[in-house]
Amino acid sequence: GVLRMTDDRVTGSGIEATLMGGPVTTSVGPPADEPGYVSRLTFEGEVAAEAVVDAFDLPLNSYLAGQTRWQGTLLLPENPAPGAPGPRAPLKVSISSNLSGVALKFPEPLSKPPAEDTSFQVDFIFLQSDRLDIEGNLGTANRFAFSLWNRDEGLSLRKGSVRFGGSYPLLPPQDGLDIRGSLGEVHLDDWLDVFADVASQTGLGALLSTADLEFADFSALGQHLGQTKLVIERQPPEWLVEIDSEPMAGTLVVPLDFGSGAQIVANMQQ
């Protein structure tokens with residue numbers, strides 16, 4: 001394609017490219033009402049889910065399949081004038097899609113057939129040379145925010161927040177992963193298989209610090225508990241688990257390291 005450059009502006013339209021094996025069309029223009037930025041790049045393209053998984057080495061090969069259209073923007077920060085107050089604006093990248101054509105093969109409530117539309121939005125904010133913040137949503141009710149270290153050995157999660165039910169995912173004050181919210185029907189046994197698969201490749205299990213969840217219908221370890229509230233807190237050297245349902249309620253203390261010989265202690269009201 002063609003870019004047009006003047007002293008203070010870069011523009012262009014209909015620029016064609018290939019990204020992760022799929023076609024992309026790009027336009028370049030001014031940043032509109034975004035102070036601190038010199039250009040705004042707008043993208044439209046199509047990509048296979050498997051290509052995204054391979055390109056970013058995501059542990060999701062078994063859970064994503066299909067091809068979908070996507071849209072994106074990239075805001076390029078301008079170089080501040082010498083002596084200007086404040087830091088340089090961060091590089092920002094935003095990606096969105098309705099995921100039409102992509103199958104999500106997770107257990108409920110995050111499963112999706114290819115023909116069903118589900119809103120997906122993710123924003124990448126490069127705050128510093130060694131830090132990347134990510135915010136977004138999958139559907140209208142499931143929202144997430146992560147802060148990662150961006151170092152020579154790669155990206156690593158510093159802290160994160162996942163919210164089910166639509167509330168805003170505030171990052172926790174301490175490092176670790178915080179999960180909260182309300183869900184419908186959930187079978188924990190199905191999710192344990194997914195968690196074990198993902199955690200073995202990412203170390204996610206070592207990062208989980210808190211979970212505070214309410215379920216309309218919950219099953220675990222082959223037992224149906226119905227409406228349930230579940231709170232899990234990491235308090236080294238153990239997990240503190242509180243459960244409240246009609247057939248079962250009480251507190252469990254579970255060692256982080258099962259090889260340590262420490263006991264599992266259950267203090268149950270019912």
Side-chain angles (χ1 to χ4, degrees), residues 58-60 62-63 106-110 131 133-134 138 142-149 151 153-165 167-270:
L58 300 175
L60 300 173
S62 303
Y63 307 106
F106 297 103
E108 290 293 346
L110 297 185
R131 182 177 159 193
D133 281 6
I134 301 174
L138 177 63
N142 308 316
R143 305 174 70 182
F144 54 85
F146 304 107
S147 181
L148 298 91
W149 293 121
R151 292 172 173 157
E153 60 271 20
L155 293 170
S156 60
L157 182 65
R158 183 172 70 101
K159 59 178 64 177
S161 173
V162 178
R163 295 291 184 268
F164 299 104
S167 61
Y168 188 80
L170 292 172
L171 287 173
Q174 72 284 351
D175 288 356
L177 181 62
D178 181 76
I179 303 175
R180 299 175 186 268
S182 302
L183 292 159
E185 182 179 355
V186 173
H187 300 285
L188 181 62
D189 298 0
D190 296 338
W191 277 104
L192 287 176
D193 294 338
V194 176
F195 186 78
D197 191 11
V198 173
S200 65
Q201 300 179 58
T202 63
L204 189 62
L207 294 168
L208 179 64
S209 59
T210 306
D212 188 342
L213 299 166
E214 294 185 3
F215 305 95
D217 194 3
F218 186 60
S219 297
L221 306 179
Q223 305 298 310
H224 179 242
L225 302 181
Q227 186 173 351
T228 302
K229 180 175 177 59
L230 179 67
V231 178
I232 303 173
E233 292 187 14
R234 187 187 190 95
Q235 297 183 357
E238 57 205 14
W239 292 106
L240 179 63
V241 181
E242 297 180 18
I243 188 166
D244 186 7
S245 69
E246 184 175 346
M248 178 180 179
T251 302
L252 297 167
V253 178
V254 182
L256 293 175
D257 180 10
F258 280 103
S260 66
Q263 294 178 322
I264 298 175
V265 180
N267 181 12
M268 310 305 294
Q269 283 76 57
Q270 57 197 45

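All figures in this text were calculated on a predicted structure; none of them were measured in a lab.
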Supply the atom-to-atom distance [X] [atom1] to [Y] [atom2], rounded to the nearest 0.5 angstrom.
{"X": "F215", "Y": "E185", "atom1": "CZ", "atom2": "CD", "result": "12.0 Å"}
{"X": "E242", "Y": "T251", "atom1": "CD", "atom2": "OG1", "result": "5.0 Å"}
{"X": "I179", "Y": "S161", "atom1": "CD1", "atom2": "OG", "result": "9.0 Å"}
{"X": "L225", "Y": "I243", "atom1": "CG", "atom2": "CD1", "result": "5.0 Å"}
{"X": "I134", "Y": "F144", "atom1": "CD1", "atom2": "CZ", "result": "8.0 Å"}
{"X": "D212", "Y": "R163", "atom1": "CG", "atom2": "CZ", "result": "9.0 Å"}

Would you say Q235 has more than 12 foreign heavy atoms packed within less than 6.0 Å of its CD?
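For Q235, atom CD is crowded (more than 12 foreign heavy atoms under 6.0 Å).
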
Would the number of heavy atoms belonging to other residues, nucleotides or ligands and lying under 6.0 Å from CD of E246 be above 12?
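It does not: E246 CD has 12 such atoms or fewer within range.
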
Between D178 and K159, is there a side-chain N and carboxylate O pair less than 4.0 Å apart?
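No salt bridge links D178 with K159.
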
Heavy-atom side-chain proximity of [X] to [Y] below 4.5 angstrom:
{"X": "D244", "Y": "T228", "value": "no"}
{"X": "P255", "Y": "I264", "value": "yes"}
{"X": "V265", "Y": "L252", "value": "no"}
{"X": "F218", "Y": "L213", "value": "no"}
{"X": "V253", "Y": "W239", "value": "no"}
{"X": "P236", "Y": "L256", "value": "yes"}
{"X": "T210", "Y": "I232", "value": "no"}
{"X": "L110", "Y": "Y63", "value": "no"}

Compare every heavy atom of [Y] with every heavy atom of [X], then report the nearest pair and how far apart it is.
{"X": "W191", "Y": "P109", "result": "NE1-CD, 4.2 Å"}
{"X": "L148", "Y": "D133", "result": "N-OD1, 4.5 Å"}
{"X": "D217", "Y": "H224", "result": "OD1-NE2, 2.5 Å"}
{"X": "G176", "Y": "S209", "result": "C-OG, 4.0 Å"}
{"X": "P172", "Y": "G160", "result": "CD-O, 3.4 Å"}
{"X": "F106", "Y": "L60", "result": "CZ-CD2, 4.0 Å"}

Is there a donor-acceptor contact under 3.5 Å from the side chain of Q270 to the main chain of S245?
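A pair under 3.5 Å: yes.
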
Strictly distance-based, threshold 3.5 Å: is any side-chain N or O of D189 a donor or acceptor partner for the main-chain N or O of L221?
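Yes: the side chain of D189 pairs with the backbone of L221.
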
Run M248 and M268 through side-chain contact (heavy atoms from CB on, under 4.5 Å) and show every step you take.
CA-CA 8 Å; M248 178 180 179; M268 310 305 294; 3.7 Å; yes

Just by distance, with hydrogens left out, do S147 and R158 show a side-chain donor and acceptor under 3.5 Å apart?
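Side chains of S147 and R158: pair found under 3.5 Å.
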
Lys/Arg cation over aromatic W149: R131, 6.0 Å, 45° cone:
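No, R131 does not lie over the aromatic ring of W149.
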
State which residue, out of D193, D190, L192, fulfils the side chain to side chain contact (heavy atoms under 4.5 Å, CB included) condition with P107.
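Per the side chain to side chain contact (heavy atoms under 4.5 Å, CB included) rule, the option paired with P107 is D190, out of D193, D190, L192.
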
